[in-house]
Amino acid sequence: GIQVEQSPPDLILQEGANSTLRCNFSDSVNNLQWFHQNPWGQLINLFYIPSGTKQNGRLSATTVATERYSLLYISSSQTTDSGVYFCARGSSASKIIFGSGTRLSIRP
Amino acid sequence: NAGVMQNPRHLVRRRGQEARLRCSPMKGHSHVYWYRQLPEEGLKFMVYLQKENIIDESGMPKERFSAEFPKEGPSILRIQQVVRGDSAAYFCASSTAGRSGDEQFFGPGTRLTVL
């Protein structure tokens with residue numbers, strides 16, 4: 001079946017540090033999304049990025065579809081960046097398949 | 001333009017009761033998806049619906065769970081005779097079309113607790 005693997009599973013950083021989260025997928029994609037689930041459980045759309053690079057403030061993402069991976073970059077981390085980051089890719093059946101997430105903790 | 005709306009945000013039920021979760025998609029979206037997140041896990045697909053049609057229910061448990069998206073009104077995820085293992089966060093998403101490459105937008109979720 002389709003696999004979506006995220007690394008690292010956990011990441012603890014000091015405020016101000018930069019981080020890179022990785023998402024590997026087992027098949028070609030036509031939909032790749034990054035989400036942030038905050039400590040209150042809300043799921044926030046970060047990027048819709050089947051290919052290429054996008055930036056939004058301190059966050060940016062790059063998907064290299066031919067090599068089957070996507071990266072999420074967070075620069076100058078803030079405590080409000082804490083939470084779980086999920087990547088998810090589309091399948092041929094319209095549903096999206098989530099990775100198991102990277103739990104990010106930013107210490108003040 | 002309001003986002004995906006779900007209610008209630010929190011729902012507490014005793015074992016054996018019924019749970020009804022509601023989802024109103026974003027304006028202009030006619031495709032709805034339900035996902036379940038068990039504690040400390042990622043989201044898992046349950047069902048995909050268009051108005052009055054279930055398109056893909058491959059992720060739905062075979063018993064006690066049902067979903068509908070009527071012509072008028074929100075989509076409903078119904079869980080009959082709830083058990084403690086049903087405790088989870090249930091998320092609804094919507095998209096403009098049902099193509100596999102379409103971006104899905106998520107609601108805030110309903111957190112179901114079964115006592």
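Hydrogens, waters and symmetry mates play no part in the numbers below; they use all other heavy atoms, side chains included.
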message = Counting only heavy atoms not in A/Arg58 (residues, nucleotides, ligands), do more than 12 fall under 6.0 Å from its CZ?
response = yes

query = For A/Gln14, does the CD atom have more than 12 heavy-atom neighbours from other residues, nucleotides or ligands under 6.0 Å away?
reply = yes

inquiry  = Between A/Gln37, A/Gln42, A/Gln33, who has the most heavy-atom pairs with chain B when the cutoff is under 4.5 Å?
reply    = A/Gln33

query = Between CH2 of A/Trp40 and CZ of B/Arg9, what distance do you get to the nearest 0.5 Å?
reply = 12.5 Å

Partner chain A: residue of B/Gln37, B/Lys44, B/Glu41 with the largest heavy-atom pair count (under 4.5 Å) = B/Gln37

query = Are B/Val4 and B/Ile76 linked, directly or through other ILVMFWY residues, by side chains that come within less than 4.5 angstrom of each other?
reply = no

query = Pick from A/Asn31, A/Leu32, A/Ile49, A/Asn45: which one makes a side chain to side chain contact (heavy atoms under 4.5 Å, CB included) with B/Glu103?
reply = A/Asn45

key: Within 6.0 angstrom of A/Arg103 CZ, more than 12 heavy atoms from elsewhere   = no

key: Contact winner vs chain B - A/Val84, A/Leu43, A/Ile44, heavy-atom pairs under 4.5 Å   = A/Leu43

note = Heavy-atom nearest pair, B/Arg111 first then A/Gly41, reads NH2-O, 2.7 Å

remark   = Shortest non-hydrogen pair, B/Phe45 vs A/Ile96, comes out as CB-O, 4.4 Å

query = Can you check whether B/Phe91 and A/Phe86 have ring centres sitting under 6.0 Å from each other?
reply = no

task = Can you establish whether the number of heavy atoms outside B/Met5 located under 6.0 Å from its atom CE is more than 12?
result = no

inquiry  = Check this for me: B/Gln80, atom CD, are more than 12 non-hydrogen atoms of other residues, nucleotides or ligands nearer than 6.0 Å?
reply    = yes

